[in-house]
Number of protein chains: 2
Amino acid sequence: MSLIVMKFGGSSVGTTERMDRVAQRIIEKKLQGDSVVVVVSAMGDTTDELIDKASAINENPPAREMDMLLSTGEQISVALLSMAIHKLGHEARSYTGWQAGIVTEELHAKAKISDIDPARLFASLDAGNIVIVAGFQGMTADGEITTLGRGGSDTTAVALAAAIKADVCEIYTDVDGIYSTDPRVVVCARKLNVISYDEMLELAHLGAAVLHPRAVEYAKHYNVNLVVRSSFTHNEGTLVREDAEMEQGIVVRGIAVDKNVVRISVLGVEDVPGVLAKMFGALASNGIDVDIIVQSGVQDGKADFSFTVSLSDRGRAIEVLSSIKAEVPYREATYEENLAKVSIVGAGMVSNPGVAATMFEAISSVGVSINMVSTSEIRLSCVISAEPVKEVVRALHTAYGLDTTETAFVGGPKDRR
Amino acid sequence: MSLIVMKFGGSSVGTTERMDRVAQRIIEKKLQGDSVVVVVSAMGDTTDELIDKASAINENPPAREMDMLLSTGEQISVALLSMAIHKLGHEARSYTGWQAGIVTEELHAKAKISDIDPARLFASLDAGNIVIVAGFQGMTADGEITTLGRGGSDTTAVALAAAIKADVCEIYTDVDGIYSTDPRVVVCARKLNVISYDEMLELAHLGAAVLHPRAVEYAKHYNVNLVVRSSFTHNEGTLVREDAEMEQGIVVRGIAVDKNVVRISVLGVEDVPGVLAKMFGALASNGIDVDIIVQSGVQDGKADFSFTVSLSDRGRAIEVLSSIKAEVPYREATYEENLAKVSIVGAGMVSNPGVAATMFEAISSVGVSINMVSTSEIRLSCVISAEPVKEVVRALHTAYGLDTTETAFVGGPKDRR
């Protein structure tokens, strides 16, 4: 008999039929004798529809009122899921974020959870109910409704699991676990049985959209056992935990691709002290996230810099650079699109010095040149041209011994609809 | 400088354009220097759409979860209305029922308001905000979300007006006040400047759908000045208050028609003591509301009874009568449809003995016979055939001196769309 948190995303409850299937899934757990707390996101396109309604009235609505509006999406989901469970003859009670005792800091649209008082949920569990909590939302100490921002429902689930000391927090999604790489790119991608928090964080930041990095950080901090699994199959899924053993002979856990990348080059920058701090300080204070930074050698007292930003920040980055040209003199600023960042991730990399050489070899073996390189303790990223990225990923997958003979679950249900 | 509650119904905020117009209307008040608390219903068809979603999942959903679901309709309205006011450059804050301090008894789907703590609303008004409160909803002392049932938003507005001691509670609707009778039937219907609570209660119970009887009762109990007016024009509207002076020479305030009426006749009932109590007791305990009751004279120890019920209760009433035939022996039970109840209402009737005779004369003057009669202190109702009802109302309107030469506002905007 365990205490379990189950989290279902918006696409898992997007239709009446799917809602029914999720209700059955929850009841199966309950019938095993487990105590179940469920966290749900807004159904399908509900959030987008609410945003459209707001935009029609006010293009720049106050964040407080957006939270008031958007929090109804999850409230609708929890009420309907509770009704679906009742129809199947089981007792359930739905709760908003504030009813579930989720207290956040006073920041609208992207509040952080500051405290959870689980007394009411425990009382409801003790009464034999399946407990259903609206994800993505909470309340400030002053009684204002807040939302948690992107990835909010994952974070709600992990935070609740920590607060009630759940045995496991299961994240149900439309893929059946974390893969060594995107199975739509590499058919023989390997489903991972286990992965460490740090590895998962690197993969999540690199665009493996299954789990939000914030939820992984929360899980790591409170040491919550996370399982990522499919809401459509009963396959085992992937366990995310502190120490994850590597399989024999494998050093790299996974390969991720991020196509949301632009390289900006600033050429002929005067090489005086403080110039880098000024440039990147100005970018940061304008909310532009800079990823890889490369400086080439200095010639005649001038240096060339390159860095990457996301596609949506490109225009603003060039503007910021123009605006500081008086303080940070340079010859010209250019940008390059149609790039991709390919990354290998594995906790064992740090103690295996040949890993980087294998990556460079595999990339050059398919005739592709490397544009930029960056490393962390458990990650190695190369920026290359976007066009040959699938061949590169396949070559890397084979080079690191990740290929499996099992047929992978190719694509999510979105592809099969 | 006054403290004003303004209530807008679902059709007043049904589209973006209407929402904008309501926002402007509210800002006009604010610019006059008044403090404004606004109560809003769910937009247009939102509530029906939510009910459809629930029905698709569970035909008999738990009332608690329905309240959880339906309360989102008003939460969406208040957030959007606040955004519309912000766009026009004024400060507004939206509040759910529980945030507004509205405490109800522990009864889902038709809770009564048991207490209101207006501290948070006062603080928000003091900060210079336009305060917007979700109608139709509250919270129990245990933190469960409840809804107030039909007419709930009117009741929220009146209860808030009482709690904050507002100078007036304005109910905005799609007609511009209370009329002496339906202006679609009688072109020269008179818009009333003033009407008493009791008269309004009689008219509301008789199907004049502008104000819910529960809200009028609440207003009477707390002596709240109510104004019914149009959200589309700046006409003065009708004031509902304790003592309403009659115009010189006019005894009847208004004429109402109710077509939702069936006459049931029970013939040859054995005239023994307790037989009436058994019959009407059985009907009442099956939730059937009996209106007018008539007993004809007794012959050979047998009596004939007639009573009226609403159309939707007809079948069940006949069933209940069959089920008690052993205890209450009778020859047969029949029913008659295509009837209408025409009522005259006026606080001055009690001291004017000729009122009933005038009614009977007016009805017979258009060749219609009267089927049943019932009276209260301020009301006189006749059941007649439904077919000539418009002629009867016109004759009564003239007979009681209610005709005006002004052109009435014929029909609501629903007719003009």
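- Using a 4.5 Å cut-off between heavy atoms, B/M19 touches chain A through its side chain atoms alone.
- For the pair A/R120 and B/G143, the tightest heavy-atom approach, listed with the atom from each and the gap, is NH2-O, 2.8 Å.
- B/D20 CG to A/N58 CG: the interatomic distance, rounded to the nearest 0.5 Å, is 9.5 Å.
- In this structure, A/K29 places its NZ atom where more than 12 heavy-atom neighbours from other residues, nucleotides or ligands lie under 6.0 Å away.
- Contact annotation: the side chain of B/N60 never approaches that of A/H86 to less than 4.5 Å [non-hydrogen atoms, C-beta and beyond].
- Heavy atoms of B/M139 lying under 4.5 Å from chain A belong exclusively to its side chain.
- When all heavy atoms are compared, the tightest approach of A/Y95 to B/E144 is CE2-OE2, 4.4 Å.
- For a residue to count as touching a neighbouring chain, one of its non-hydrogen atoms must lie under 4.5 Å from one of that chain's; by this rule A/E59 does not touch chain B.
- Counting heavy-atom pairs closer than 4.5 Å to chain A, the top-ranked of the candidates B/T96, B/L50, B/I145 is B/I145.
- We find the CE-CD1 distance between A/M68 and B/I132 to be 9.5 Å, quoted to the nearest 0.5 Å.
- The shortest non-hydrogen separation linking B/A92 to A/E65 is O-OE2, 3.8 Å.
- With a 4.5 Å cut-off on non-hydrogen atoms, B/L70 does not touch chain A at all.
- Contact detail for B/P61 and A/M83: the closest heavy-atom pair is CB-SD, 3.6 Å.
- With a 4.5 Å cut-off on non-hydrogen atoms, B/E17 does not touch chain A at all.
- At a 4.5 Å heavy-atom cutoff, A/A23 makes no contact with chain B through either its backbone or its side chain.
- Contacts between A/S77 and chain B at a heavy-atom distance below 4.5 Å are absent for every atom of the residue.
- Atom NZ of A/K112 is surrounded by 12 or fewer heavy atoms from other residues, nucleotides or ligands within 6.0 Å.
- Top candidate by heavy-atom pairs under 4.5 Å with chain A, chosen from B/D67, B/T72, B/D142, is B/T72.
- Interface residue B/R93: backbone and side-chain heavy atoms are both found under 4.5 Å from chain A.
- Heavy atoms from other residues, nucleotides or ligands lying under 6.0 Å from NZ of B/K110 number 12 at most.
- The most heavy-atom pairs under 4.5 Å with chain A, out of B/A84, B/P62, B/A54, come from B/P62.
- Chosen from B/L88, B/T16, B/L80, the residue pairing most often with chain A at heavy-atom distances under 4.5 Å is B/L80.
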